[in-house]
Amino acid sequence: MMDFVDINVYSDDEEVPVRKQRVLRERINHFEKWDRKEFLQRFRLSPQTVLNIADEIQEDIHHKTNRNAALSPTDQLLLTLSFYATGSFLRVAGDFIGVHKSTASKTVKRVSEALASLRPVCIRMPETNEEISECKAGFYRIARFPLCIGSIDCSHVKIISPGGENAEIYRNRKQYFSFNVQTVADSDLKIRDIVARWPGSAHDAHIFRSSAIGHKFENKHYGNCIIVGDSGYPVKPYLMTPLRQTRNLPENLYNESLIRTRNVVERSYGVWKKRFPGLALGLRLKKETVQAVIVATAVLHNIACEEREDIPQINVEEVVAIDLVNNNPPENNPQLIERPNNVRQRLIFDYFARL
């Protein structure tokens, strides 16, 4: 006959394990605790804008959240905004709201995906004749550059090493790991198009050539409209870049106007990363979650532009980090040879020569 041992029976000299008592932490009402300025500093958006966004995504968050979750959709959004503001460890973000690191990690991923799902509504190029005319007029008011509907460039978002065999492709020429993110900005500093899937070593011109927006311009989707970029891009009938050398007044005027017009995309990066310094300080997340965070913060940036939100103050460490990732001069591309371009020459001598 087989003997059975009761594993739940302990001898007198054995210590019976005690189950750790669950501690319920009191939730802080951040909308009541902070005044508007302090709230903006911690969450990068005003209280009313946060509530509006929470209403917009709460159904999506409810759908993805366990029904026994400890955090309301609004608290989940606040935790995620706090993380975007600091780029800190998830444990710190969790402690700020009062949840475990694992809960903070799942929450940031969940909310970032919900925010990124708003991309078709919040991040879009002008399509109707009225939208295109308004966009061109906005750029024209800057420096009288004609036909322009966007300024294009790339900026690096710092990440930790993703690990694996292909980790080194994420190391950029400044020797830190990053995503090289392409955006098209309008004259109001809003992000009109974003590509957030390329590793830090990818060249700006290659990203544009492979992007959906690049194919649209190549196929004349926007007619005679153009975008402006730096000298790291090839000059195209729809993509104007600065002349490397100018020989006369019209060419000087062209370069000056283009540089001032193109500067909006650089300014948009500065505002975007001041609102969400985690993009510059570094995101300690999985690659897939980082991509969702990049798009999510771009959506929030556009909402903030629409609502004319104030830009929160940043500290010295954040200034240094933002300058590091934004100081991105055009890369030398040995395949990029400047050739005469009829469209650019006509623009210079048929338009700028008459200014």
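- To the nearest 0.5 angstrom, I149 atom CD1 is 9.0 Å from R192 atom CZ.
- Listed here is the closest heavy atom pair of A185 and V265: CB-CA, 3.9 Å.
- In this structure K136 satisfies the salt bridge (charged side-chain N to carboxylate O under 4.0 Å, His left out) test with no other residue, sequence neighbours excluded.
- Atom CD1 of I159 and atom OG1 of T289 lie 11.5 Å apart (nearest 0.5 Å).
- When hydrophobic residues (I, L, V, M, F, W, Y) are linked wherever their side-chain heavy atoms come within less than 4.5 Å, the members clustered with F139 are I142, L189, V264, V271, I311.
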Discussion item. Determine whether S46 and E307 satisfy the following criterion, side-chain hydrogen bond (donor to acceptor under 3.5 Å, both in side chains), listing intermediate values before the conclusion.
Written reply: CA-CA 10 Å; S46 67; E307 299 297 327; over 6 Å; no
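- Here the straight-line distance linking atom CG of L258 with atom OG1 of T241 works out to 7.0 Å at 0.5 Å rounding.
- The shortest side-chain heavy-atom distance between L347 and F145 falls under the 4.5 Å cut-off.
- Using a 30° and 60° split on the angle between ring planes, H156 and Y176 fall in the perpendicular class, above 60°.
- Rounding to the nearest 0.5 Å gives a distance of 14.0 Å between CD of E256 and CD of E251.
- Looking at R308, its side chain never comes within 3.5 Å of a backbone N or O of C305 through a donor-acceptor pair.
- R171 places no side-chain N or O within 3.5 Å of a backbone atom of P199 that could act as its donor or acceptor partner.
- Smallest separation of non-hydrogen atoms from S231 and R244: O-NH2, 4.3 Å.
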Practice prompt. Test side-chain hydrogen bond (donor to acceptor under 3.5 Å, both in side chains) on Q48 and N52 and set out the steps.
Written response: CA-CA 6 Å; Q48 188 57 54; N52 292 342; 3.0 Å; yes
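- Between D310 and K37 there is no salt bridge, since no side-chain nitrogen of the basic residue lies less than 4.0 Å from a carboxylate oxygen of the acidic one.
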Worksheet entry | Step-by-step side-chain hydrogen bond (donor to acceptor under 3.5 Å, both in side chains) determination, Y269 to T183 | CA-CA 9 Å; Y269 290 145; T183 65; 2.7 Å; yes
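- Looking at E266 and N263, their side chains come closer than 4.5 Å, going by heavy atoms from C-beta outward.
- No single ILVMFWY cluster, assembled from side-chain heavy atoms under 4.5 Å apart, contains both F179 and W198.
- Y238 and F208 have tilted rings, their planes meeting at an angle from 30° to 60° on a 0 to 90° scale.
- Under a 3.5 Å cut-off, the side chain of Q41 and the backbone N or O of Q313 do form a donor-acceptor pair.
- Taking the six-membered ring for Trp and the full ring otherwise, F83 and F276 have centroids separated by 6.0 Å or more.
- Looking at heavy atoms from C-beta onward, L115 lies out of side-chain contact with E56 at the 4.5 angstrom threshold.
- Salt bridge E113/K109: present, at least one basic N to carboxylate O contact under 4.0 Å.
- Side-chain contact between M240 and V343 is present, with heavy atoms from C-beta onward closer than 4.5 Å.
- Using the six-membered ring where Trp is involved, W34 and H30 have ring planes that are parallel, under 30° apart on the 30 and 60° scheme.
- Across all non-hydrogen atoms, the minimal contact from A304 to L45 is CB-CD2, 3.8 Å.
- Note that CD1 of I61 and CZ of R110 are 8.0 Å apart. Values are rounded to the nearest 0.5 Å.
- Nearest heavy-atom pair across T80 and S112 is CG2-OG, 4.1 Å.
- By the 4.0 Å N-to-carboxylate-O rule, E131 lies close enough to R124 to be salt-bridged with it.
- In terms of modelled atom types and a separation under 3.5 Å, the side chain of N302 and the main chain of K190 share no donor-acceptor contact.
- By the criterion of side-chain heavy atoms lying less than 4.5 angstrom apart, applied directly or through intervening Ile, Leu, Val, Met, Phe, Trp or Tyr residues, L51 is grouped together with F39 in one hydrophobic cluster.
- At most 12 non-hydrogen atoms from other residues, nucleotides or ligands lie less than 6.0 angstrom from CG of N129.
- Here the straight-line distance linking atom CZ of R209 with atom CD of E218 works out to 10.5 Å at 0.5 Å rounding.
- Side-chain atoms of S117 come within 3.5 Å of backbone N or O of A114 as a donor-acceptor pair.
- Inter-residue side-chain proximity for I213 and Y222 is flagged as met; some heavy-atom pair is nearer than 4.5 Å.
- Between A205 and P234, the shortest heavy-atom distance links the atoms CB-CD, 4.0 Å.
- At least one side-chain heavy atom of R144 sits less than 4.5 Å from a side-chain heavy atom of Y351.
- Looking at V50 and F31, their side chains come closer than 4.5 Å, going by heavy atoms from C-beta outward.
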Discussion item. With side-chain hydrogen bond (donor to acceptor under 3.5 Å, both in side chains) as the criterion, how do N172 and S178 come out once you've worked through the C-alpha distance, each side chain's angles and the decisive distance to 0.1 Å?
Written reply: CA-CA 7 Å; N172 61 35; S178 69; 3.0 Å; yes
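- Side-chain atoms of R275 and T297, non-hydrogen and from C-beta on, never get closer than 4.5 Å to each other.
- For the pair N180 and I207, the tightest heavy-atom approach, listed with the atom from each and the gap, is ND2-CD1, 3.5 Å.
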